[in-house]
Protein chains: 2
Amino acid sequence: MSQSLRRGLDILGELASGARTLDELAASLGVHKTTVLRLVRTLEEQRFVCRDDQHRCHLGSRLFHVADIGLEQHPIRDVAAIHLRRLARATGGQAVHLAVAEQGHVVYIDKVESTHAVRMYSRIGLPAPLHCTAVGKVLMAALPPRRRDAVVAGLELRSFTPSTITRASALRSQLELVDERGWAEDVAEHEAHVHCIAAPVHDAADRVVAAVSISVPELVLDHAGVVGLLPHLLETTAAIDAEHRA
Amino acid sequence: MSQSLRRGLDILGELASGARTLDELAASLGVHKTTVLRLVRTLEEQRFVCRDDQHRCHLGSRLFHVADIGLEQHPIRDVAAIHLRRLARATGGQAVHLAVAEQGHVVYIDKVESTHAVRMYSRIGLPAPLHCTAVGKVLMAALPPRRRDAVVAGLELRSFTPSTITRASALRSQLELVDERGWAEDVAEHEAHVHCIAAPVHDAADRVVAAVSISVPELVLDHAGVVGLLPHLLETTAAIDAEHRA
DNA sequence: GCGTATGTTGCGTCATGTGCAACGACCATT
DNA sequence: AATGGTCGTTGCACATGACGCAACATACGC
């Protein structure tokens with residue numbers, strides 16, 4: 001809708017992958033240098049971009065500030081942080097994620113890096129599919145049946161690995177199961193050789209607002225081993241829920 | 001310069017402090033609802049903003065993603081992270097910061113929270129003055145004499161506490177000392193009752209690109225106690241430098 | 001059922017953002 | 001020191017696209 005705002009955001013996206021000169025930005029946005037200059041200047045005034053001695057553009061401090069403050073705004077994140085870290089320790093340094101749903105995707109809003117050499121690729125703010133992640137299944141399972149089916153119907157069910165569930169009916173019945181038993185798993189359905197389990201986190205009104213997951217490479221633990229971590233996971237989500245209600 | 005980009009960024013800034021309705025945004029930006037709607041839609045398309053069921057606006061995942069990626073771009077941050085955490089542990093859970101200079105200010109790009117009850121107010125991305133922070137002094141001291149004096153001359157030297165240095169000559173001579181001995185202190189010059197020490201971090205070309213600081217409330221350690229942590233600090237910056245050169 | 005608060009759409013106006021072309025600053029090479 | 005090249009910056013004229021208004025739509029409270 002708003003062209004210059006859009007382009008400004010494109011610049012931020014571009015700068016996320018490293019410093020750029022004006023010309024480079026102009027090229028990647030497909031606009032004239034002059035236009036980029038003006039946008040950059042506005043971004044710079046607001047400190048969303050800063051330029052070094054050589055006039056190269058970097059992301060500016062205000063962006064980081066806004067993101068930092070904004071993340072802590074997520075009321076769940078604040079409460080959950082300490083529990084996530086404890087969970088990571090209790091499970092011997094596995095990767096732990098906190099995720100919420102946003103516009104048909106899962107978005108990670110906090111993570112604790114695995115201490116193992118093999119790491120997953122995940123980032124705060126990175127969207128992931130709903131249908132092939134444990135957190136996605138938990139979040140979908142929590143929806144009232146009608147909306148859940150509507151959401152499933154709207155998904156692309158893209159296949160990421162041989163085990164990805166691509167049939168809507170199979171996904172629907174798995175979500176029912178997830179809803180009943182209160183946790184979900186992802187058996188290398190998103191990333192090959194990575195297994196996850198996830199469980200929901202509730203707000204004061206008992207609605208599911210987020211999910212916590214543990215992700216483990218096959219090399220570290222087999223499937224049974226991952227499911228064996230379930231008590232730790234459920235203990236963690238219960239602790240977050242409890243603190244959340246208080 | 002660019003009005004709509006500016007307003008879009010204002011919206012992000014506004015949303016950093018919590019969810020807003022369209023009308024609230026319109027009021028705080030001083031523009032018509034329609035205008036806000038269009039800007040928000042653009043922001044939403046790019047996932048810098050997301051709206052919930054009640055149409056309230058929140059910061060969106062793309063913003064977090066860009067910030068997350070961008071922070072890890074800072075080559076120093078990546079290398080330093082583990083050393084900062086070790087420093088925090090070695091000093092008994094003091095607050096540790098990593099900062100760089102940006103446009104006449106210090107900006108924190110990473111931090112480890114203190115484990116003590118008394119905490120400082122600091123945030124990633126938050127700018128702080130150069131003249132009354134230990135990190136600021138380190139970063140200024142590293143400049144070639146002429147530029148250093150120019151920067152000092154351009155500072156406001158605002159007083160934050162009774163101990164804030166407000167005379168340019170005093171600051172200049174202190175910076176010389178800092179340059180010689182390789183570390184700086186802040187004796188409650190920025191925040192009352194908080195003492196800091198800081199030391200520089202160098203890049204592969206041996207230029208100072210960042211500074212690491214330890215901040216301690218008076219209640220926890222007196223001035224001598226803080227200076228007593230110096231060996232830990234210098235060990236940390238030396239370790240970062242070494243890894244950085246490798 | 002009406003009234004209010006809030007989000008959304010269509011439209012005419014003109015401010016704003018745009019590309020072009022020329023200028024300037026800086027660096028490297030000779 | 002002179003030259004060519006790269007990159008950032010400025011002035012200007014044009015028309016796009018952003019703006020506010022007013023009317024419509026929807027949801028909630030009484």
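Proteins come first, then strands; the chains are lettered A, B, ... in the order of their sequence lines, and each starts at number 1. Values below: all heavy atoms of this structure, side chains included; hydrogens, waters and symmetry mates excluded.
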Self-check item: Thr35(A) side-chain proximity, nearest of dG20(D), dT8(C), dT18(C)
Solution: dT18(C)

Quiz item: Got a donor-acceptor contact below 3.5 angstrom from the Arg181(B) side chain to the Trp183(B) backbone?
Solution: yes

Practice problem: Select one nucleotide: of dC19(D), dG19(C), dT6(C), the one nearest the side-chain heavy atoms of Arg38(B). | Solution: dC19(D)

Practice problem: Select base, sugar-phosphate, or nothing to describe what Thr21(A) touches, counting heavy atoms under 4.0 Å on all strands. | Solution: sugar-phosphate

Quiz item: In residues 8-17 of chain B, which ones come under 4.0 Å of DNA chain D, going by heavy atoms?
Solution: none

Self-check item: Under-4.0 Å side-chain N/O to phosphate OP1/OP2 contact, Arg51(B) with dT8(C)
Solution: yes

Exercise. Classify the nucleic acid contact of His55(A) as base, sugar-phosphate or nothing, counting any heavy atom under 4.0 Å across all strands shown.
Key: sugar-phosphate

Practice problem: Check whether any side-chain nitrogen or oxygen of Gln3(B) sits under 4.0 Å from OP1 or OP2 of dC19(D), and answer yes or no. | Solution: yes

Self-check item: Ser4(A) or Leu37(A), whichever maps to the more 5' nucleotide of DNA chain D
Solution: Leu37(A)

Practice problem: Select base, sugar-phosphate, or nothing to describe what Arg41(B) touches, counting heavy atoms under 4.0 Å on all strands. | Solution: sugar-phosphate

Quiz item: Do His131(A) and Glu189(A) have side-chain atoms, one donor and one acceptor, less than 3.5 Å apart?
Solution: no

Quiz item: Are side-chain N/O atoms of Ser4(B) and Ser4(A) paired as donor and acceptor at under 3.5 Å?
Solution: yes

Self-check item: Side chain of Leu39(A) - closest among dG17(C), dT18(C), dG8(D)
Solution: dT18(C)

